[in-house]
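To start, the structure under review is shown below, and the notes come after it.
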Amino acid sequence: MRLTLPALIAHGRYGRRMGLGPESRINMLRNILTGLVRHERIETTWARADEVRIYAEKLIGYAKKGDTDEKAMKMASFWLTEKDLVHKLFKVLVPRLGSEQHGYTRVFQIPNRDSLDRAKMAVLELRGNPFPPLVTRQPDSNGTLLNQLLCGYRQEVTRSRAAGGD
Amino acid sequence: MACRVVSRVLSCRFASSSSASRLSSVQLQRLRNDLFTREKARQQSLTPRIEKIEVKLVGKTHPGTLFVMNKGLSTPYSCARHLSEWHSKNSVLALVNGEVWDMHCLLTQSCEIQFLTFKDEDPAEVNKAYWRSCAMLMGQVLESSFKEEFSVELLQSPEVTVLSGAFCYDVVLDSHLDSWNPSKENLRALTRAVHSLLHQDLPFEPLEVQPKVALEMFQHNKCKQAQVEEKAAHSPQGTVRVYRCRDFVDLSDGPHIPRTGFCSQFEITAAHSLGPGPWGQVRRFQGLSLPRQLQAFHTIWERIRTRAERLVEVRAPSQAAVSTSVPAERSLPESQL
């Protein structure tokens, strides 16, 4: 293939280039996905986490069809290199994540890698994992100004409803 | 007609404070402002030498930090600036030895300090200070918005809880305006005047003065003079606290927020006529505001704004409720009083 400029520029193409080629990319992502299913929270480069996320969600989507489904089993056995994880996928992860339609994984950016490449790193985790949460969002206390105003508004609505009902 | 107006304006401009002719609000404002500046300069000259005091930070963020500040010159705001920009931009009040202080109040001795923000566990004091500051801004705009031929006498901003939904300022307008009711456009114009003050990010300067200085400041306002005497009687040192925002000076019960830039969404929602009182036809102007850190989505804002248009009744001192036939429930655990 000629080294033309359009071949080098993405021009809206989906999917990053990784490793030594497309096959190497799939193998690499497969290994990372196996690690994710085994450990449920892993640390990789941000680009790899972003790519694995797509395949992880698709895999769980397939696994939701059940282990009797031929296609689902084929996908699981291809993507999970360690075969004991196939059982974990169908019997543990699917019941846990089955109630949601999407968003089975979460990605958090972390400080860049210490080595010379200073790569942008991320933590990729499955929802409902047994570890303590990485990011906790503290909701505003009930005494803040906005919450107090809304409290008063709600009280008035219930009062007017009660008065209207009577 | 034009020469009559001109002569009236001229006579007002050159009238002395002791004459019988009414001073315009601009002149009264200037008078109070000059007295404030003079008193502030006098109080500053009482500390000629700079002495150092030690201020210790307690609380959640950076506990145990020691600041070496200047006595009579430093404020909790300067301590916050030593700490970080976040602290200086988000601290609303300071707890100095357990007492609630303004951020711009001068520190006079070694003490323990803690900063209060809008998002604390219990921001009751912060909310009260915010409501007071918003009421004062509304009063400032009301005093300066009417034409010179109409007199505006500010009575008081009643201590209203945040739960009632709006802050208020009671005002007595000129007798020619007894039948006038502000339209939506008028209220919008007043709101825009307040927004211009907010954009200027003016500081609220506190000053503790002797009652006679305060009486001199509010010599043309009998209601305020009565309040000065009442406050002086109740305060432990016998002094009265006044606050200045650009050139508007007003009495206040308690601390204010540091700067006007802390308010983001602000609207003067309604003006209700409370009927004739001892000072004249009293009008209650009401408004709603939210700080920069707690902005509301526009749909939510619309709902609480329509609620703020209803009259807020002040029943007993430091108790208020929105006017409905059913009294407000006070036993709910989430409500604060």
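What you see is a predicted model; the values in this text were computed from it and never measured. Scope of the values below: all heavy atoms of this structure, side chains included, with no hydrogens, waters or symmetry mates. Convention: sequence-line order gives letters A, B, ...; per-chain numbering from 1.
Under a cut-off of 6.0 angstrom, the local environment of CG in A:L20 is sparse, with at most 12 non-hydrogen atoms contributed by other residues, nucleotides or ligands. Within 6.0 Å of atom CZ in B:R81, 12 or fewer heavy atoms from other residues, nucleotides or ligands are found, so the atom counts as exposed in its surroundings. More than 12 heavy atoms of other shown residues, nucleotides or ligands fall within 6.0 angstrom of atom CZ in A:R16. Counting heavy atoms of neighbouring residues, nucleotides and ligands inside a 6.0 Å radius, atom NE2 of A:H102 does not exceed 12 of them. In this structure, B:K89 places its NZ atom where only 12 or fewer heavy-atom neighbours from other residues, nucleotides or ligands lie under 6.0 Å away. The neighbour count for A:K83 NZ, taken as heavy atoms of other residues, nucleotides or ligands under 6.0 Å away, is above 12. Atom OH of B:Y243 sits in a crowded spot, with more than 12 heavy atoms from other residues, nucleotides or ligands closer than 6.0 Å. Counting non-hydrogen atoms of neighbouring residues, nucleotides and ligands closer than 6.0 angstrom, the CZ atom of A:R161 reaches no more than 12 such neighbours.
The greatest number of non-hydrogen atom pairs below 4.5 Å with chain B, out of A:S141, A:S160, A:A162, is found for A:S141. Counting heavy-atom pairs closer than 4.5 Å to chain B, the top residue among A:N147, A:V157, A:L149 is A:L149.
Heavy atoms of B:Q293 lying under 4.5 Å from chain A are absent altogether. Proximity to chain A (any heavy atom under 4.5 Å) is restricted, for B:S289, to the backbone atoms N, CA, C and O.
The minimum heavy-atom distance between B:V162 and A:Q148, with the atom names listed, is CG1-CB, 3.7 Å. Contact record, B:L290 with A:L146: CD1-CD1, 3.8 Å, taken as the closest heavy-atom pair. Taking each heavy atom of B:K119 and A:T144 in turn, the nearest pair found is CA-CG2, 4.2 Å. Across all non-hydrogen atoms, the minimal contact from B:R303 to A:Y153 is CD-OH, 3.3 Å.
Side-chain contact between B:P123 and A:L145: absent, with no pair of heavy atoms (C-beta onward) separated by less than 4.5 Å.
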**Request:** Decide yes or no on side chain to side chain contact (heavy atoms under 4.5 Å, CB included) for A:E156 and B:R310, but give the supporting numbers first.
**Result:** CA-CA 11 Å; A:E156 185 151 321; B:R310 313 252 207 101; 2.6 Å; yes
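Between the CG atom of A:L150 and the CG atom of B:L163 there is a distance of 10.5 Å, given to the nearest 0.5 Å.
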